[in-house]
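Right, one structure below, let's go through it.
As the structure is a computational prediction, the values presented were derived from the model and not from experiment.
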Amino acid sequence: ATLPLPCLNTEDEEGERRERVYTSMGGCGSALSAEEKKEIAKTRGIDEQNAKDHARAEMTIKLLLLGPGESGKSTMFKQMKLLYGKGFDEDERRDWVPKIQMGALAAMKTVCSAATRLGLQDKVNSQDSFAAMLTIDERDPLSSELADHIKALWTDPAILETWDRRSEFQVIESNELYFRKVDLIASPAYLPSDEDILASRVRTCGIVEETYVIDNVEFVIIDVGGQRNERKKWIHCFDNVNAVIFVAALSEFDQMMFEDETQNRMVDTLHLFDSICNSRWFQKTAMILFLNKRDLFAKKVAQKDIRSVAVWTDYDGKQHDYDDGVSYFLQKFLDKNQQKNKDIYTHVTCATDTQNVKVVFDASKDIILKFNLEASGFM
């Protein structure tokens, strides 16, 4: 005869009690039917999933964006606002107008100054525009007259030749977008698009933080300045970090640093990644590497041999080959990892491409959540 089962309040309790009663009878556990065993397994699975869901709902992910200056960290940060926040309202867009106009003026003035240093000034056809740009104050409003000067210079062969040699001087490459649409940017009615805002480079000073709820999980995303003089402030953010996204610009393999024109930018980035990846602060932290600016890298390697840069003479891939180039630099970063049990999750990105950032961040988010659930003992 079987023992009567006590009255239970919930299905979960009933499954647990039923299994306990039968198995306590010394071998009578075999009296459980296949259907009952299946039901008990199902109940356990539901309990485990509920525990995971609860842990996930209670979780706050502190995500740190690190990398050198001009790597694209702040562009990623702006993408988070577009993808998971409220985007940019009209007032915020208006606030970006003077920054974008100043960026266009400063960049063209820089290119004209570089043309002089490179000995190309006499080859410039638009001499009036060239002279005007060399004497402007980049904080001046972008008038229609100045827009005409930029437009004339952007079709001038000597200026385009200078632009092709931009690895020899310091200029923000994303300003090319503004050269191409300078009439619109100079218009009194101009309101920047998402693309315009994403392309605008404003140096990050200090620490900037935003909180987003993504798939019912709270993410605290922190952006920091990447220039050398800003890096000493990073340690203030290192406590209780759940994940680091390190952003490195692929296209900067042939460029020198803004702060030190004797130091190759990619070499500096590799040194920086080494110190972050192997830091005692991040031994149990999910580490994600974004090799950014893939679009600019593709254009550059189509024209320039990686081996022609003195610090990359060990490159043994095909000349002008995008995939071989990416693989080469990716391995350089992975080789910096000194922790055998630490995985580096990698993505090749274009921070100004919202759809690409969404796909990459969704994949990274899943990695981060899985990593932290495992660390909490729920997986």
Side-chain angles (χ1 to χ4, degrees), residues 49-68 71-89 92 194 197-198 202 204-226 230-231 233-248 272-273 276-277 279 281-292 342-379:
Q49 188 58 50
N50 286 341
K52 284 181 190 176
D53 291 345
H54 178 72
R56 179 184 168 112
E58 292 297 309
M59 190 183 292
T60 296
I61 299 294
K62 184 177 177 183
L63 173 60
L64 199 53
L65 288 169
L66 296 180
S71 60
K73 295 187 311 301
S74 296
T75 307
M76 290 286 179
F77 194 73
K78 286 184 272 188
Q79 288 282 21
M80 297 300 107
K81 186 180 179 80
L82 289 172
L83 289 167
Y84 306 109
K86 295 179 180 178
F88 299 99
D89 62 29
E92 288 175 303
D194 289 344
I197 293 171
L198 290 170
V202 177
T204 304
C205 295
I207 298 162
V208 186
E209 181 179 306
E210 290 281 358
T211 300
Y212 303 107
V213 176
I214 306 170
D215 292 345
N216 298 319
V217 178
E218 184 175 81
F219 279 77
V220 179
I221 302 177
I222 301 166
D223 182 27
V224 295
E230 292 287 331
R231 295 176 192 173
K233 303 174 187 174
W234 289 6
I235 197 163
H236 300 301
C237 311
F238 285 1
D239 255 346
N240 303 313
V241 169
N242 301 100
V244 170
I245 292 181
F246 188 95
V247 185
L272 184 58
F273 181 72
I276 294 298
C277 179
S279 168
W281 290 95
F282 304 128
Q283 286 180 356
K284 297 181 180 179
T285 302
M287 187 69 59
I288 300 168
L289 171 65
F290 284 1
L291 293 180
N292 193 36
K342 188 177 185 72
D343 291 323
I344 309 295
Y345 304 96
T346 62
H347 296 280
V348 181
T349 61
C350 174
T352 55
D353 181 340
T354 302
Q355 188 55 40
N356 172 247
V357 172
K358 177 169 173 43
V359 170
V360 165
F361 188 77
D362 281 348
S364 301
K365 176 196 66 187
D366 292 342
I367 289 166
I368 293 165
L369 293 175
K370 181 174 182 289
F371 189 96
N372 285 280
L373 284 170
E374 285 175 347
S376 303
F378 284 100
M379 292 187 77

(request) For the pair F361 and Y84, name the ring-plane relationship: parallel under 30°, tilted 30 to 60°, perpendicular over 60°. (result) tilted

(request) Taking the side chain as every heavy atom from C-beta outward, state whether F282 and L64 have any atom pair closer than 4.5 Å. (result) yes

(message) Using modelled atom types and a 3.5 Å cut-off, is there a donor and acceptor pairing between side-chain atoms of D223 and backbone atoms of F77?
(response) no

(message) Apply side chain to side chain contact (heavy atoms under 4.5 Å, CB included) to residues L291 and H347 and explain how you reach the verdict.
(response) CA-CA 6 Å; L291 293 180; H347 296 280; over 6 Å; no

(request) Report the C-alpha separation of S74 and V202 in whole Å, then their side-chain angles, then the decisive distance to 0.1 Å, and conclude whether the side chain to side chain contact (heavy atoms under 4.5 Å, CB included) test is met. (result) CA-CA 8 Å; S74 296; V202 177; over 6 Å; no

(request) Could you check if a side-chain atom of I222 sits within less than 4.5 angstrom of a side-chain atom of L63, using non-hydrogen atoms only? (result) no

(request) Mark yes or no for whether N356, through its side chain, and T349, through its backbone, hold a donor-acceptor pair below 3.5 Å. (result) no

(request) Please say which of T75, D353, V357 ends up in a side chain to side chain contact (heavy atoms under 4.5 Å, CB included) with L198. (result) T75

(request) Give, for atom OG1 of T285 and atom CG of N372, the distance between the pair rounded to the nearest 0.5 Å. (result) 8.5 Å

(message) Please check: side-chain N/O of K78 versus main-chain N/O of T352, any donor-acceptor pairing under 3.5 Å?
(response) no

(message) Among residues at least two apart in sequence or on other chains, which ones pass side chain to side chain donor-acceptor pair (under 3.5 Å) with D194?
(response) R93

(message) For the CG atom of L272 and the CG atom of L66, what is their distance to the nearest 0.5 Å?
(response) 7.5 Å

(request) Please tell me if the side chains of I61 and L369 come closer than 4.5 Å, counting only heavy atoms from C-beta onward. (result) yes

(message) Measuring only between side-chain heavy atoms, which start at C-beta, is E210 closer than 4.5 Å to M80?
(response) no

(request) Might you work through the salt bridge (charged side-chain N to carboxylate O under 4.0 Å, His left out) test for K81 and E92, ending with a clear yes or no? (result) CA-CA 12 Å; K81 186 180 179 80; E92 288 175 303; 3.2 Å; yes

(request) To the nearest 0.5 angstrom, please state how far the CE atom of M287 sits from the CD1 atom of I367. (result) 13.0 Å

(request) State plainly whether the residues E218 and K62 are in salt-bridge range, i.e. N to O under 4.0 Å. (result) no

(message) Could you check whether any side-chain heavy atom of F273 comes within less than 4.5 Å of a side-chain heavy atom of P68, counting everything from C-beta outward?
(response) no

(request) Nearest 0.5 Å please: distance from the SG atom of C277 over to the CD1 atom of I344. (result) 3.5 Å

(message) With rounding to the nearest 0.5 angstrom, report the SG to CD distance, C350 to Q355.
(response) 12.0 Å

(message) To the nearest 0.5 Å, what is the distance between OG on S71 and CZ on F290?
(response) 11.5 Å

(request) Would you confirm whether S364, through its side chain, and V360, through its main-chain N or O, come within 3.5 Å as a donor-acceptor pair? (result) yes

(message) On a heavy-atom basis, which atom in M76 and which in A351 lie closest, and how many Å separate them?
(response) CE-CB, 3.8 Å

(request) Decide yes or no for L289 and Y345: does some side-chain heavy atom of the first lie under 4.5 Å from some side-chain heavy atom of the second? (result) no

(request) Indicate yes or no: at least one non-hydrogen side-chain atom of K365 is less than 4.5 angstrom from one of I214. (result) yes

(request) Taking the side chain as every heavy atom from C-beta outward, state whether D239 and W281 have any atom pair closer than 4.5 Å. (result) yes

(request) Only counting residues at least two apart or in another chain, list the ones meeting salt bridge (charged side-chain N to carboxylate O under 4.0 Å, His left out) with E209. (result) none

(message) Can you confirm whether or not the ring centre of F219 sits under 6.0 Å from the ring centre of Y212?
(response) no

(request) Kindly write out the residues that satisfy salt bridge (charged side-chain N to carboxylate O under 4.0 Å, His left out) with K358, not counting sequence neighbours, or none if the list is empty. (result) D362

(request) Take L65 and V224 through the side chain to side chain contact (heavy atoms under 4.5 Å, CB included) test and state the conclusion after the steps. (result) CA-CA 7 Å; L65 288 169; V224 295; over 6 Å; no

